[in-house]
Amino acid sequence: MLDGGALFGVIPKSLWAEKYPANEKNLCNLSMRCMLIIAEDRKILIDAGIGSKQDDKFFRYYYLNGKATLKGSLGKAGVAFDGITDVVLTHLHFDHCGGGVEYNEDNVPVPAFKNARYWVSRQQWEWALNPNQREKSSFLQENFVPVKTNGQLEFIDKNFELVPGVELRIFNGHTDGQIIPFVRYNNKTLVFTGDLIPTSAHIPLSWICAYDTKPLAAFNEKKEFLEEALKNNYTLFFEHDINVECCNLMMTEKGIRVGKCFTLNEFLSY
Ligand SMILES: [Zn+2]
C-alpha cells in the first residue's frame, strides 16, 4: 500500500479518492503485477515484484497483502524459475526488481533466475548506482548489484526489439531510463505501462505521482504516448492497478480517458 497523496501528487483527494479509494490511513492498495511472455524459445519476465529480502521493519511501511507470489504464479503457468530466459526490469525501484534477487543458503544475494539475462537500461543502471537524494531510498543495491556480479546483466541504450514483437522503449519522466515494453499479440499491441501510467486513474495528464523525478517530462511523455495509443488502439496493461488489469482508451471532451476495462485473459481471447 502507498499513501494516496504520494500516488496522485498535486491532485486533491476529493478527486482521486473517487477514482482510487484509500483506507482510513490514506493508503491506497496496489498490485505488483508482472508479465510473462512466451515467444518461441524464450520465456521473458517483465518485472519481478518486491521480493522477500527486506526485513520486517521495511515491510511494515508497505502493508503487503494478498497471497500471490512470483513462484506461485509462474508455477500456475507451468514455468519454473530456471526456465526464465530473460528478465526485463522496467527500472530498479524496489517494487519492480526486488524479486529478481534472492538469498542463497549462505545468505548471499544471488539472481533468482539463474539462467536468465537481465535487461536494464544503461541510464537507469548508472542512476541506481549513484542515486540522487530523492530516489536513494528506492534503490536498494542488494536488489540489482548481484546481477552484475554474476555476469547476467545486459544493457539497452536506446529503443530495442528484444524478440520479434517485443519492443522495449525508454522513458525518463518517472526515473531516468525506465523501460516500457510494447508487445504485439494477434495483430494487437499491449503496453506494459509500468510507472509511466501506474493505474488506470493516472490517465488524465496532470495525474502524476509525487515520486516522478521529472514531472514535466512525465507529463509530456504521457501526452505523446496516450495520443499514439489512442490512434493505434493499444491496450494498456497496469502493473499497479489492483482493480483494472487492462483497458483501452477513448477521446472525450476533457481529453483522453479510460475506455473499456478488461482482464488480460479477455485480451488474449479476442
Ligand atoms: Zn518506480
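Whatever order the structure lists them in is the order used to number ligands and atoms, beginning at 1. Computed from a predicted model, the values in this text were never measured in an experiment.
Ring-centre distance between Trp119 and Phe155: not below the 6.0 Å cut-off. Checked against the 6.0 Å centroid threshold, His202 and Phe238 do not count as a close aromatic pair.
Counting only protein N, O or S atoms, 4 lie closer than 2.8 Å to the Zn ion (ligand 1).
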key: Candidate pair Arg169 and Glu228, rule salt bridge (charged side-chain N to carboxylate O under 4.0 Å, His left out), full reasoning   = CA-CA 13 Å; Arg169 282 163 60 172; Glu228 178 186 334; 2.9 Å; yes
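Using a 30° and 60° split on the angle between ring planes, His93 and His91 fall in the perpendicular class, above 60°.
Atom CD of Glu40 has 12 or fewer heavy atoms from other residues, nucleotides or ligands within 6.0 Å.
Side-chain contact annotation: His174 with Glu221, donor-acceptor N/O pair under 3.5 Å absent.
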